[in-house]
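Written below as structure tokens is the structure these notes are about.
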Amino acid sequence: MLLKRLTEASGPSGFEDEVRQIIYDEVRGVADRVYTDALGTLIAETNMGAREPKVLLTAHMDEVSLMIVAIEEQGLLRFRPNGGVDPRILVAKPVRVGAERLVGVIGSRAVHLQKPEEREQPHSLEQLFIDIGASSRMEAEKYVQPGDFAVFATEYEEIGERRAKAKSFDDRVGCAVLIETMKKRFELPVIYAFTVQEETGLRGAGPVAYRTEPDIAIAIEGTVCFDVVETPSHGQSTIQGGGPAVSVVDARTIAHTAFREHIVRVGEEQGIPVQLRRTVGGANDVGAIHLTGSGIVSAAISVPTRYIHAPAQIISLDDYENTIRLLEAVLRSIEQGGFSV
Amino acid sequence: MKELIRQLTIPSGPSGYEAPVKEVIHTLVQPYVDEVYDDALGNLYAVKRGASGPAAKTILLAAHMDEPALSVIDIDDQGFLRVAPLGPLRASTLGGARVIFARTGRRGIVGAEHGVAQKDLDFSHLFVDIGAISLDDAREHVRIGDAATFAYGFDEVGADLIVGHALDNRVGCAVLVEALKRTHSGYTIAAVFSAQQEVGSRGARVAGQRIHPDAALVLDVSPVGDTPKSERLALTLGGGPGIKALDATMVVAPKVRDMIVDAARLADVPYQIEVSPRTASDAGALFLSREGIPTGGIVVPARYVGTPSQMVHLRDVEQTVTLLTAYLGQLQ
Amino acid sequence: MFNAKELLIGLTEATGSPGDESTPAALLREAVNGLADTIETDSIGNTFLYCAGEGNTPRPRVMITAHTDEISLMVARIDKGGFLRVAEVGGFDPRTLLGQEVIVHAKRKLLGVVGSKPPHLTSLAERNKSVPLQELFIDLAMPEESVRELVNIGDFITISRRTMELSGGRLAGKAMDNRAGVTTLALCLSELRKLRFAADVYAVGTVQEEIGCKGAQTAAFRLLPDLAVAIDVCHGETPGVASDLVQKLGGGPVVSFGPRIHPKLFKRLTDVARDANIPVQIEVTQGPTWTDADPIQIVQAGIPTALISIPLRYMHTSVETLAFEDVRHAGLLLARFIASLDMAYVEGLTCYLKD
């Protein structure tokens, strides 16, 4: 099960090795050429001799994580977040530490040991630590050193009706969409890039766009979805089960109007549900890609993901499958000259 | 000049949706340049070849076309629109503002939810009323992703002062249009009417990479320090064009600044030096292009920048054109 | 041949504001005269010192950078009485500026003082508030007329400070950030002359780091090296600061680890240090390094990048303090690292896959 393997792998920003290897093993027999760049982005080229436009598809491999920065006398690990983590969600969560996937738990002072006024405040990072069961610094140092990373220890499971929960659907769901899409053949030069360091400032995508010089780029994301109790329509961003979401404006991009309208039209024509992402916060790799070179016509298509950046994220499997269908339909339309730059 | 500025401030130019402004400028500059084209970001390029032939060096002149706007993110059952800012707008200043949607020309009023203190207002408390009676009615006129700008237009105050919601930076665009008309330079002039400056100079960044000029100059407006208890800035309205030394994006190298100062002295144009630490411009993005581009700027002093009523002095605008033309004329 | 400590003292006492780094750049060029094969300056002021490697081409192309600029102020306005109001060019803590002597780079260099209200005239409430930059003023001790005659809006202002030798081989002064790095570049080139090395080395004195690491980005675009090492300063141990955020003065140069650093370069630097018996410390940084390394890593199609830092106390003040031994060791480490490079190693830097 691709989503399970991808989401349970560890991929801290800058240290995406586990995820990269899984994807490499998956795509090496499919793409014409597979290689990595200086930052570790995995690039898979298909049908490069075909008639242009050249299309770049991206999904990022990295996830938000915790970097171990110091080991306390008692063997407890101090950490700092690598990527945007709300410290309030960390307390009492299990994590996996380092390449050996050591089990650890995020602890804090028990509620009984806190003053009433302290209980009103969320735990700050300084009050949290990871406990791997070591009884001293010396013992902990046998297993862990500063610079190692911890990721959430969530298991992938299908729950409810046509939904799945896991960590890091942002953006392993995008990686899965790209892998599934690659298995189809297009009469277009299509480059699939599994990028690094998106969560720490969209750092991997710009170099890939610079290297590959695409005419058109599409990023596939897991994006904010908060269609939950008491949230007004304008605070939801996307609706789970409402289909892939096309970005309009976010913190780093104003979408190319003609291309985003084209994508929505393709969805309507093919009977694939499509929604617009209705918020301006957040960003994705398009923010770096569209400003590369002389400017690149780009779009972002996202799978709505509840509880993004938290340990247990939820997606709709229908949205996931519809994103694969929509991406194929868009590529077919480009293949047939339905959109040109 | 006044008429040109008026003409340029009529179309609405939200960041990312500058097409209406671009069309007007395209028509205006066409007769004076060798080539006009645009790009994926929405920039308009107008190139005038240098007198010294194909070997001529290139200077990039940038004036941004866009203005801050409200982007529609949701429409409710009664037809009220929810919006988010494109560019530096503050929610607390927008209650009662009149706006116009660039795509359809539909007008609207910004309203605020009751019970939130003025200073605590954020965009989630604001909505736009376009006079629709239902969701379906609203959809006839506005779609998610449409953008609205202020709808206050152009005014005159006294003999020489003009006021408008988009003088930042249609004044810079007007200066650039006029300079293309009048200038004869040894350099090739790549005029860039840039898109998306208000959201972080995205257009300028791409333009710098594409043109790869030998030097760059931005044309913009900059706030003055001559009103009661104003920010401690040195520019004054009517004091002549400002030559950029520092803004929030850029420190101009003294030798670049001095070349413009020398041009002002030679042309006998009064000038001021701009040190404006909280003002953004396209200069920083252009400077960082590729191997690095020596970049400077000339600004028109303006009052009330960041409000819907920016004010400039027509003589400053005229003198900015004179200075720019003189500077370009001396480039060999 | 230069004396490294004298070079560092000379560099720190020289002034070089972002946008006008010509003076420290000239001192660097002078120091390495005879050590570099060619020396160039680009259109925005970056200084390129080139040393050719030995052997057949292609040779590894290595960029090492240190920024030449220092945080400065700029005259924003001349107020009544001839008092100057300022804008910052780089990040000052305005609290460290009260009572500071400064140099205004006007038609001639003018010594001035950042004025402060005497305690006799301040209320308790006032004393409990720090003075923001906008409220600071510089007193040039001359009539307004003379000030207006000599000073222009846009003139740079720098800290006035003679560099001091403290006990135990430590130095204190302004602009150790990053003239310590500039000195490291010179030391590295001098050490390389004693070694055999295959790499083509480009030592770059970069501009405008303090306002956004600008020169390093454009220099990297120009050179497109196979790998890059940025040299800068990091925080020295200070009471009350978490141990992972600070490093020991005198404990050796600091090698960074984290997402912005290529893992193989980190490993090679620490291996070289161990083999050559050079003391080093390790810093783990999960976020931005806030140095030239950040932009260099993502220039063009991406450049493998590393960071070596000199521990420094009281950063961005006029009494930045470091252990000179750390600078010397950084120069040694950098030279030995360069001497260890060959093409096979460089080609391996883009290989992340296991078949």
Side-chain angles (χ1 to χ4, degrees), chain B residues 57 201 205 208-209 212-216 222-226 229-236 239-240 242-261 271-279 283-297 301, chain C residues 17-22 41-46 48 69 71-80 83-91 105 132-137 148 151-157 204 206-208 210-224 295 299-300:
Chain B
K57 289 188 170 179
S201 293
R205 176 171 153 175
Q209 287 159 183
H212 196 195
D214 298 286
S222 185
V224 294
D226 65 354
K229 289 259 182 184
S230 65
E231 192 182 346
R232 290 191 173 120
L233 299 169
L235 292 182
T236 59
I243 296 171
K244 191 175 288 294
L246 176 146
D247 69 24
T249 70
M250 180 79 194
V251 174
V252 178
K255 63 179 179 187
V256 173
R257 188 206 312 173
D258 290 346
M259 280 172 65
I260 308 171
V261 168
Y271 69 92
Q272 319 178 61
I273 299 292
E274 180 209 9
V275 175
S276 190
R278 273 163 292 282
T279 303
L286 290 168
F287 175 83
L288 270 181
S289 299
R290 301 174 59 112
E291 293 94 339
I293 299 168
T295 302
Chain C
S17 302
D20 187 10
E21 297 85 347
S22 52
T41 302
D42 72 9
S43 66
I44 62 165
N46 286 317
F48 296 83
D69 61 320
I71 54 169
S72 306
L73 300 168
M74 185 179 266
V75 179
R77 174 164 156 142
I78 301 169
D79 261 341
K80 202 158 181 265
F83 296 101
L84 307 181
R85 300 291 187 175
V86 299
E88 63 179 355
V89 189
H105 299 263
L133 190 86
Q134 295 88 317
E135 298 298 322
L136 296 182
F137 60 88
R148 290 191 184 275
V151 178
N152 283 312
I153 307 297
D155 286 345
F156 282 116
I157 302 164
V204 188
T206 61
V207 300
Q208 303 195 20
E210 296 291 359
I211 54 170
C213 305
K214 296 185 173 193
Q217 178 180 330
T218 61
F221 191 102
R222 174 182 299 270
L223 293 176
L224 257 200
V299 162
Q300 297 205 13

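All chains are named by letter (A, B, ...) in the order of the sequence lines, taking the proteins before the strands, and each is independently numbered beginning at 1. As a basis for the values below, the full set of heavy atoms in this structure was taken, side chains included, without hydrogen atoms, waters or symmetry mates. In this text, all values refer to a predicted model and were calculated from it rather than measured experimentally.
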Next on the checklist: Checking C:F221 now: which residues fulfil ring-ring contact (aromatic ring centres under 6.0 Å, His included) with it, not counting sequence neighbours?
Outcome noted: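 C:F221: no ring-ring contact (aromatic ring centres under 6.0 Å, His included) contacts found.
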
Checklist entry - With a 4.5 angstrom heavy-atom cut-off, which part of C:E210 approaches chain B: side chain, backbone, both or neither? => result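 Neither; nothing under 4.5 Å.
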
Taking all heavy atoms of [X] and all of [Y], pick out the closest pair and write down the distance.
X	Y	answer
B:S230	C:R77	OG-NH1, 4.5 Å
B:V275	C:A87	CG1-CB, 3.8 Å
B:R232	C:A76	O-CB, 4.4 Å
B:V251	C:P18	CG1-O, 3.3 Å
C:I44	B:P294	CG2-N, 4.1 Å

By a 4.5 Å heavy-atom criterion (distance strictly below it), what part of [X] contacts chain C: side chain, backbone, both, or neither?
X	answer
B:L288	both
B:S276	neither
B:P277	side chain
B:K244	neither
B:E231	backbone
B:I293	backbone

Item to check | Largest heavy-atom contact set with chain C, pairs under 4.5 Å, which of B:I273, B:D214, B:T295 | outcome: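 The option with the most such pairs is B:I273.
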
Next on the checklist: Could you check whether any side-chain heavy atom of B:E291 comes within less than 4.5 Å of a side-chain heavy atom of C:D42, counting everything from C-beta outward?
Outcome noted: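 Sidechains of C:D42 and B:E291: no contact.
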
Checklist entry - Can you tell me how far the CD1 atom of C:I211 sits from the CE atom of B:M250, to the nearest 0.5 Å? => result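 Atom-to-atom, C:I211:CD1 and B:M250:CE are 7.5 Å apart.
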
Checklist entry - Taking atom CG of B:L246 and atom CD of C:E88, what is their separation to the nearest 0.5 Å? => result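 One gets 9.5 Å once the value is rounded to the nearest 0.5 Å.
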
Checklist entry - side-chain hydrogen bond (donor to acceptor under 3.5 Å, both in side chains) with C:Q300: which residues, sequence neighbours excluded? => result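 Scan of C:Q300 (side-chain hydrogen bond (donor to acceptor under 3.5 Å, both in side chains), adjacent residues dropped) gives A:Y210.
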
Checklist entry - In terms of heavy-atom pairs under 4.5 Å, which option from C:I153, C:V75, C:I78 contacts chain B the most? => result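 Heavy-atom pairs under 4.5 Å are most numerous for C:I153.
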
Checklist entry - Do you know which of C:G215, C:G19, C:A220 has the most heavy-atom pairs with chain B at a distance under 4.5 angstrom? => result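 That would be C:G19.
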
